[in-house]
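In this chain, numbering begins with 1 at the start of the sequence shown. Ligands are counted one by one from 1 in listed order, and the atoms in each one are counted from 1 as well.
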Amino acid sequence: MFIPKRVIFEKDSLDYEMGKSIYEKFKDSAETEIINLNSNKVKQHIPGEDLASRYREGKKTLVVGVKKSLKFQTCKPSANYQLPIVSGCIGQCEYCYLNTNLGDKPFTRVHVNLDEILRQAQDYIDERLPENTIFEGSATSDPVPVEPYTNSLRKTIEFFGRSKNGKFRFVTKYNDIDGLLNIEHNGNTEIRFTLNTDKVISEYENRTASRDSRIEASVKIAEAGYPIGFIIAPVFLYDNWKEEYRNLLLKLNKQMPNGLAQPIIFEVISHRYTTRAKNIILEVFPNTKLPMVDEERKFKYGQFGYGKYIYTKEQLDDMKEFFNNEIEAIFTNKIIKYII
Ligand code: SF4
C-alpha cells in the first residue's frame, strides 16, 4: 500500500469531506509529513536539485486539491472524455508516458470535489443523449494506489452503476481493489489490468504490483462481475520472450474464473519510444537497461510532427502472429481488440 512521504493540502481542500478524511488518516503518522498551503504552489515543497531527484521525491508526494476547471479533456479513440479524479501515479515505470506528459509534476494529485466532477460528467452525458458517453479514469494517472485514501473510484463506479447512458473505464498496474468489490456497478465500469512478464516488471516497472498480485486482483474483479480487460504492454522482444509471454497467458487463463458473462478484452502494445522520451528517461534513470538503440528500430513518423522508434516490420509481424495465435488458442471467451 502506498504510504506517502509527504501529503500537501492545497488551499480549500480541507473544506471538503474527502480532504478532511485524508487529513485524519495522516495527522498522527510518523512517516508522513503534512504540509498545509494557502496557495496551490506545490512544486516548491518538493525537494530535489535535478530532474532525477525531483522525480523520486515527487513520486512519494500526495497532493490533495480542488479541481478548478471542470472542462473535461476529450479522450479519443477509447472514450469520449477523461474523468479527472486523480492525476499522476506513484509508480516508477522507466518507459512511462507520464514522464514526458507530466515530467515537471511527478506527484499524485487527488481531487476532493468529486461530487462536482460527477455532476459535470452528468452534464456531458445529458448533452450527448441518446448516445452513450464513455469516461476514461486513467488517461493521466493510475487511480488505484490512492483509492484506499479517497474511495473516489468506488463512488464513481456507484455513480455510473446508476447511470443509463454513462460508462466508465480505467486501467491499472496495482492491486488495491478490495474496496471495489460488492458494488452495484451494473456492468457500466470496465476494469483493465496491464500485465507483463516477470522479467519486464522487475526490470522496468519499479514500485508497481507484482505480476501475481495483479492477476490475483483481476480474478477478484472478474468474480465481482465487472467487464474485464488486459493490456499486455509494453511488449519487449528479448531472448525467450515467446516462452515467457506464453506462460503469462497460460497462468492468467488458469486463474480466471470459468463462465464469465462477458468476453475478456485483450489489447497488446509493443514497446516504442520518442527521442524526447528517451532523453528524459536517460536523465531520470541513467542506468536504465531499456532497449533504446535507434539503429535497431524502425523510425515511424507521427501525425504531430514527431516520430517514434518502433520494432521492425518483421519483428512486429512475428509478434502479432504470436499473440493472435496464443490468445486464440488459450482463451475461449475473448476479444482481441488490437495488437500493435
Ligand atoms: Fe506510468 Fe502506469 Fe507505471 Fe504509473 S503504473 S508509472 S502510469 S506506466
Side-chain angles (χ1 to χ4, degrees), residues 1-5 46 51-63 73 75 78-79 82-111 136-150 152-153 169-177 191-218 221 229-236 267-274 276-278 280-285 288-292 308 340:
M1 180 166 165
F2 171 51
I3 312 275
K5 187 169 170 188
I46 301 176
L51 190 63
S53 53
R54 273 199 302 280
Y55 171 87
R56 281 181 179 77
E57 290 297 326
K59 289 286 186 175
K60 296 177 195 158
T61 304
L62 175 63
V63 176
Q73 303 283 314
C75 195
S78 64
Q82 301 181 12
L83 191 74
I85 54 179
V86 181
S87 74
C89 169
I90 67 162
Q92 298 188 10
C93 301
E94 298 181 9
Y95 55 74
C96 177
Y97 68 104
L98 294 184
N99 295 339
T100 29
N101 288 1
L102 297 178
D104 60 336
K105 301 187 211 72
F107 48 82
T108 302
R109 186 170 193 268
V110 298
H111 299 135
E136 168 62 60
S138 50
T140 59
S141 71
D142 189 316
V144 167
V146 288
E147 176 64 11
Y149 299 122
T150 62
S152 292
L153 285 173
R169 67 202 307 261
F170 64 89
V171 60
T172 185
K173 286 193 175 92
Y174 289 87
N175 60 334
D176 309 88
I177 48 78
I191 302 183
R192 291 161 294 150
F193 288 83
T194 306
L195 283 183
N196 222 313
T197 62
D198 260 343
K199 175 185 160 68
V200 171
I201 292 174
S202 59
E203 277 187 12
Y204 310 128
E205 299 185 354
N206 313 302
R207 291 163 59 99
T208 62
S210 68
R211 178 197 67 173
D212 291 356
S213 311
R214 294 182 209 174
I215 293 181
E216 217 175 276
S218 71
I221 288 294
F230 294 94
I231 305 185
I232 316 278
V235 172
F236 289 94
E267 298 160 75
V268 185
I269 307 170
S270 59
H271 177 243
R272 67 262 332 272
Y273 61 89
T274 62
R276 176 150 181 261
K278 177 175 167 177
I280 294 173
I281 292 167
L282 291 175
E283 207 175 324
V284 177
F285 300 100
T288 186
K289 295 198 188 87
L290 275 175
M292 296 188 294
K308 54 195 161 194
I340 55 171

> Which residues and atoms, counting only protein N, O or S, are under 2.8 Å from atom 1 (Fe) of ligand 1?
Replying inline: C96 SG
> Just one of I280, L282, T274 clears the side chain to side chain contact (heavy atoms under 4.5 Å, CB included) bar with K278, so which one?
Replying inline: L282
> With N175, which residues qualify under side chain to side chain contact (heavy atoms under 4.5 Å, CB included), at least two apart?
Replying inline: A209, S213, A217
> Between F285 and Y204, is the gap from one ring center to the other below 6.0 Å?
Replying inline: no
> Judged by modelled atom types alone, do S138 and E136 share a side-chain donor-acceptor pair under 3.5 Å?
Replying inline: yes
> Between the side chains of R192 and T194, does any donor sit under 3.5 Å from an acceptor?
Replying inline: no
>> For P234 versus V200, what's the shortest heavy-atom pair and its separation?
In response: O-CG1, 4.5 Å
